[in-house]
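Have a look at the structure below, then the notes.
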Amino acid sequence: MGKWKMILLLPFAIIIVLVSPMIFLGIFSTIHEHKEANSQEIHEKKSNEYLDLVSKILEKEFKLTINKNLYKVEYVSMMSNNFYVPQTYVMQKRTGDIVYKSNYLYSKNPEKEKVLVRENDDSFLISDEKSYYKENRLSLLLAIVDRLGFRGYVLNDLLYDKSKGNDFSEIEKIFNNYKKGEIYRRCSGGYNDPKDYLGELENEDVEDSKYKNTPEENGFLFYNKILDITNDKEHDKFLEEYGKRLRSYFTKERNFEEIDWYEFMKYNNLKPRITFVFENVTEEELESIRKKIKPYYNEKDLNIILKTNS
């Protein structure tokens, strides 16, 4: 019996001896690649390359130029399905996070205000092999527009523009009287999906929603056409038409830093949604605060939505 055990085990021993050098080389190669991928020098080089690439894409496809000195692309460490994603890069203002006039305008998720340029795959940036890559790049454009330009305008300018019916300074005073807990702007989720940011656009009525899928968390609302978003065909048609509208705005040469964001908003039928979360509040108290703040913002241009975290 002992002889048979040895005979049965012998082939496995041979396999281990034969395969182990391959395993060793594989492990060594993986460690080397991981070390190289995480090299600070490599990351800086790739960051600059991606900033150049994004700049070229914007100029070539959308006639849009950016001042590259004002932005930076950085490597970020991300995990997906419990594995590290080794080649992920985000774009943001060189000065760092956006500085807001009011403490109420900061979010607990600052990643939502940076642009995810690449997540382990840059095919849609460098290739026209697949037809939908063009739409992916349109999504990237919209993410850059929102995160690095339009959103800052809305929260730091439009909200305070009395000539347009807004005075957030007065809303701040009303918020200041609330003492039961923290108030913060909701901005859920992490980085945008660079390939599907266009799909984040919402197109349903906020106050009257029957779908209850927290539409208020997005910054934009295509409000001239309310659709049943449970109908995939209608939703896809909406995004297609919206994409055409967005592209038409960028058919003439523009400088990103000189865009008239109010004109952009009106042309593209965008209506910002700004959601504030109140801690330890009843619905009756929220309704009272809603009534108090209504005179201080123009509901035709934007929605200010108050929610409770309970």
Side-chain angles (χ1 to χ4, degrees), residues 37-78 85-100 107 110-128 133-157 187 190-198 200 219-220 243 246-265 267-268 270:
N38 284 279
S39 161
Q40 185 64 30
E41 186 178 343
I42 295 287
H43 289 159
E44 289 180 5
K45 182 175 181 293
K46 285 186 174 291
S47 294
N48 292 331
E49 288 174 356
Y50 280 115
L51 181 59
D52 288 340
L53 182 58
V54 169
S55 176
K56 289 175 183 176
I57 287 171
L58 294 177
E59 194 164 354
K60 179 183 176 182
E61 293 204 19
F62 308 107
K63 297 184 179 181
L64 181 64
T65 59
I66 62 171
N67 182 347
K68 290 193 295 183
N69 295 323
L70 300 179
Y71 310 96
K72 61 183 178 181
V73 171
E74 290 184 321
Y75 166 83
V76 293
S77 180
M78 289 182 64
V85 181
Q87 297 295 325
T88 304
Y89 291 85
V90 298
M91 182 176 175
Q92 67 180 104
K93 289 181 180 289
R94 189 165 290 278
T95 53
D97 295 336
I98 300 173
V99 177
Y100 295 113
S107 167
E111 294 87 357
K112 194 73 173 175
E113 299 185 346
K114 298 174 185 177
V115 177
L116 182 57
V117 172
R118 182 196 197 278
E119 186 181 5
N120 207 32
D121 178 17
D122 58 8
S123 300
F124 80 101
L125 291 172
I126 62 177
S127 171
D128 285 316
Y133 283 167
K134 200 171 183 67
E135 294 309 302
N136 293 160
R137 292 193 286 270
L138 181 66
S139 283
L140 179 63
L141 165 69
L142 188 56
I144 290 171
V145 163
D146 172 23
R147 309 286 166 88
L148 303 180
F150 181 59
R151 190 175 302 201
Y153 160 73
V154 170
L155 297 179
N156 270 343
D157 295 288
C187 193
Y191 300 112
N192 61 286
D193 182 341
K195 299 177 184 177
D196 194 35
Y197 186 76
L198 190 63
E200 290 186 19
F220 291 156
L246 183 62
R247 283 185 185 279
S248 69
Y249 184 83
F250 292 101
T251 52
K252 71 175 185 178
E253 293 183 359
R254 297 181 186 273
N255 185 304
F256 185 74
E257 291 74 34
E258 295 176 0
I259 288 177
D260 181 333
W261 290 116
Y262 190 75
E263 175 202 64
F264 172 85
M265 181 179 84
Y267 181 91
N268 288 285
L270 295 175

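Quick caveat: nothing in here was measured; it's all calculated off a predicted structure.
Test Val90, Leu142, Leu116, Val115 against Arg147 for side chain to side chain contact (heavy atoms under 4.5 Å, CB included) and you get one pass: Val115.
Counting heavy atoms from C-beta outward, Leu138 and Leu141 have side chains that approach closer than 4.5 Å. Contact annotation: the side chain of Met265 approaches that of Phe150 to within less than 4.5 Å [non-hydrogen atoms, C-beta and beyond]. By the 4.5 Å heavy-atom criterion applied to side chains, Leu148 and Leu70 are not counted as neighbours. Looking at Met91 and Leu51, their side chains come closer than 4.5 Å, going by heavy atoms from C-beta outward.
Note: Glu74 CD to His43 NE2 = 11.5 Å, rounded to the nearest 0.5 Å. Here the CZ-NZ distance, from Arg247 to Lys63, works out to 13.0 Å after rounding to the nearest 0.5 Å. Separation of atoms CH2 (Trp261) and CG (Leu270) is listed at 10.0 Å; rounding is to 0.5 Å. Atom CG of Leu58 sits about 8.5 Å away from atom CZ of Phe250, to the nearest 0.5 Å. Rounding to the nearest 0.5 angstrom, the gap separating the CD1 atom in Ile144 from the CZ atom in Phe256 is 7.0 Å. Atom OH of Tyr133 is separated from atom OG of Ser123 by 4.0 Å, given to the nearest 0.5 angstrom.
Between the side chain of Asp97 and the main chain of Gln92, no donor-acceptor pair closer than 3.5 Å is present. Here the side chain of Lys68 pairs no donor or acceptor atom with the backbone of Asp52 at under 3.5 angstrom. At least one donor-acceptor pair under 3.5 Å links the side chain of Glu257 to the backbone N or O of Asn67. With hydrogens and angles ignored, the 3.5 Å screen pairs a side-chain donor or acceptor of Ser47 with a backbone N or O of Val73.
Side-chain contact of Tyr71 with Ser55: a donor-acceptor pair under 3.5 Å is absent, judged by distance alone. A side-chain donor from one of Glu263 and Tyr249 sits under 3.5 Å from a side-chain acceptor of the other. Asp122 and Tyr50 form a side-chain donor-acceptor contact under 3.5 Å, judged by distance and modelled atom types alone.
Using a cutoff of 4.0 Å between basic side-chain nitrogens and carboxylate oxygens, Glu258 and Arg254 are not scored as salt-bridged. Using a 4.0 Å cut-off between a side-chain N of Lys or Arg and a carboxylate O of Asp or Glu, Glu44 and Lys72 do not qualify as a salt bridge.
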Next on the checklist: side chain to side chain contact (heavy atoms under 4.5 Å, CB included) for Asp128 and Arg137? Distances and angles first, verdict last.
Outcome noted: CA-CA 10 Å; Asp128 285 316; Arg137 292 193 286 270; 2.4 Å; yes
Checklist entry - Taking it one step at a time, do Glu41 and Lys45 satisfy salt bridge (Lys or Arg N to Asp or Glu O under 4.0 Å)? => result CA-CA 6 Å; Glu41 186 178 343; Lys45 182 175 181 293; over 6 Å; no
Next on the checklist: side chain to side chain contact (heavy atoms under 4.5 Å, CB included), that's the test. Do Leu246 and Phe264 meet it? Break it down for me.
Outcome noted: CA-CA 9 Å; Leu246 183 62; Phe264 172 85; 4.0 Å; yes
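Taking both residues in full, the closest heavy atoms of Asn69 and Arg94 are given as O-NE, 3.1 Å, listed atom of the first, atom of the second, then distance.
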